[in-house]
Amino acid sequence: MLTHKKIIGYAGAGAFFYSGMYAYIAGTPFAFITYHKVPAEYYGLLFGSGIIGIVITNLINARLVHRFGMNRILAGGAGFAMISGIVLAVNSYSDFGGLWGLFLPLLAFVSVTGFVVANSIAGAMADYPEQAGSVSALVGAIQYGSGIAGSGLVGALADGTPWPMGWVIAVMATGAALCAWLVISTSSKG
C-alpha cells in the first residue's frame, strides 16, 4: 500500500494536518495562558470553540461531499488551513492582534478538520474497497503518528513566544495543502 501514490497523497494530507493539530494542542496552553495571560479557567472555552468548529465543518462536509466531491472539499479545506496557518505564523511572530490575532486563525485552522480528515481517509479507501480496513488502519496510523512531529517541534523550538507553534502549523498546513493538491491533480474522481 505504501507504493500507491494516491494512498500516500491522501495519507500525507491528513498526516501534515494532524501534525499541525498536535502543534495546536501542544502550543495553545502556553500561548493563551502564559503568553497572553488568559486565566486558566477560560482556556477550555478557547479550546472548545475549535471543537464546535470541527463539528460544524463535519456537518457541512456531510451535506456537500455528494455535490462537490471529497477531493475538492479536501483541497479547499487544506488550502484554507494553509492560509490560516500563514496568517497565524505572521501574527504569532509580530504579535499582531494580540490574543485575537492568535485565536482567530487558530480557530479557522482547527475548524477545517471536518473537511480534511474525513475526506483524506475516505479518499484513500475509495480506490481500494477490498483492502478498506488495511488502508484505513495505515492512513490512521500515519495521521496520528505524525502528531509526534508537530508537538515535538513546538517543544524543541520553544522560545518564550507563540511563534514556534505558528510556524509549525503554517509549515504543516502547507504540506497538507500540497499533498491534497497533488491528489486532486492525479485523481479523476470528485
Side-chain angles (χ1 to χ4, degrees), residues 1-28 47-85 106-155 168-190:
M1 283 184 273
L2 290 174
T3 61
H4 295 97
K5 183 178 177 181
K6 286 171 65 174
I7 289 177
I8 298 305
Y10 285 115
F16 277 112
F17 187 81
Y18 260 103
S19 194
M21 285 294 291
Y22 277 75
Y24 162 80
I25 292 166
T28 55
F47 191 84
S49 62
I51 295 167
I52 292 168
I54 293 169
V55 169
I56 291 169
T57 57
N58 272 307
L59 293 171
I60 293 169
N61 184 63
R63 292 176 137 314
L64 296 182
V65 74
H66 298 295
R67 181 174 176 193
F68 295 106
M70 71 182 123
N71 286 343
R72 286 175 64 190
I73 294 173
L74 169 61
F80 191 78
M82 181 182 74
I83 292 166
S84 301
L106 280 169
L107 177 62
F109 170 77
V110 170
S111 293
V112 297
T113 301
F115 297 138
V116 176
V117 175
N119 291 314
S120 65
I121 294 170
M125 294 184 333
D127 287 337
Y128 307 95
E130 68 286 345
Q131 297 175 314
S134 297
V135 171
S136 177
L138 174 66
V139 172
I142 291 170
Q143 289 179 349
Y144 282 107
S146 68
I148 296 167
S151 57
L153 282 170
V154 169
V168 170
I169 290 173
V171 168
M172 297 305 171
T174 300
L178 292 173
C179 286
W181 296 336
L182 174 65
V183 169
I184 296 300
S185 68
T186 61
S187 178
S188 60
K189 70 175 181 291

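Values reported hereafter were calculated over all heavy atoms of this structure, with side chains retained and with hydrogens, waters and symmetry mates removed.
- Side-chain atoms of Phe80 and Val116, non-hydrogen and from C-beta on, never get closer than 4.5 Å to each other.
- Partners of Ile25 by side chain to side chain contact (heavy atoms under 4.5 Å, CB included), not counting sequence neighbours, listed by chain and number: Phe47.
- The shortest heavy-atom contact between Ala81 and Val112 is CB-CG2, 3.6 Å.
- Side-chain N or O atoms of Thr174 include one that pairs as donor or acceptor with a backbone N or O of Ala170 at under 3.5 Å.
- Contact detail for Ala126 and Met70: the closest heavy-atom pair is CB-CE, 4.0 Å.
- Checking side-chain atoms of Ser19 against main-chain N and O of Ser146 turns up a donor-acceptor pair under 3.5 Å.
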Go through the steps for Ile60 and Phe115 under the test side-chain contact (heavy atoms from CB on, under 4.5 Å), then give the verdict.
-> CA-CA 8 Å; Ile60 293 169; Phe115 297 138; 3.9 Å; yes

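- Separation of atoms CG (Leu153) and CE (Met172) is listed at 5.0 Å; rounding is to 0.5 Å.
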Decide ring-ring contact (aromatic ring centres under 6.0 Å, His included) for Tyr24 and Tyr18; before the verdict, give the C-alpha distance in whole Å, the side-chain angles of both, and the deciding distance to 0.1 Å.
-> CA-CA 9 Å; Tyr24 162 80; Tyr18 260 103; over 10 Å; no

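- For the pair Tyr10/Val139, no side-chain contact is recorded, criterion being any heavy-atom separation below 4.5 Å from C-beta on.
- The SG atom of Cys179 sits 5.0 Å away from the CZ atom of Phe16 when rounded to the nearest 0.5 Å.
- Atom CG of Asn119 sits about 12.5 Å away from atom CZ of Arg72, to the nearest 0.5 Å.
- Under the 3.5 Å distance criterion, the side-chain polar atoms of Ser111 are left unmatched by any main-chain donor or acceptor of Ala108.
- The OG1 atom of Thr113 sits 11.5 Å away from atom CG of Asn61, with the distance rounded to the nearest 0.5 Å.
- Taken to the nearest 0.5 Å, the CG atom of Leu59 stands 11.0 Å off from the CG atom of Leu64.
- Shown here for Ala75 and Ala180, the closest heavy-atom pair between the two residues is CA-CB, 4.0 Å.
- In this structure, Ile148 and Ser151 approach most closely via the heavy-atom pair O-OG, 3.5 Å.
- Closest non-hydrogen pair, Ile7 versus Ala124, comes out as CG1-O, 4.1 Å.
- Taking CE from Met125 and CG from Leu138, the interatomic distance works out to 12.0 Å, rounded to the nearest 0.5 Å.
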Intermediate values then yes/no, side-chain contact (heavy atoms from CB on, under 4.5 Å), Gln143 and Ile121 = CA-CA 9 Å; Gln143 289 179 349; Ile121 294 170; 3.6 Å; yes

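- Between Gly114 and Asn58, the closest heavy-atom pair is CA-OD1, 3.5 Å.
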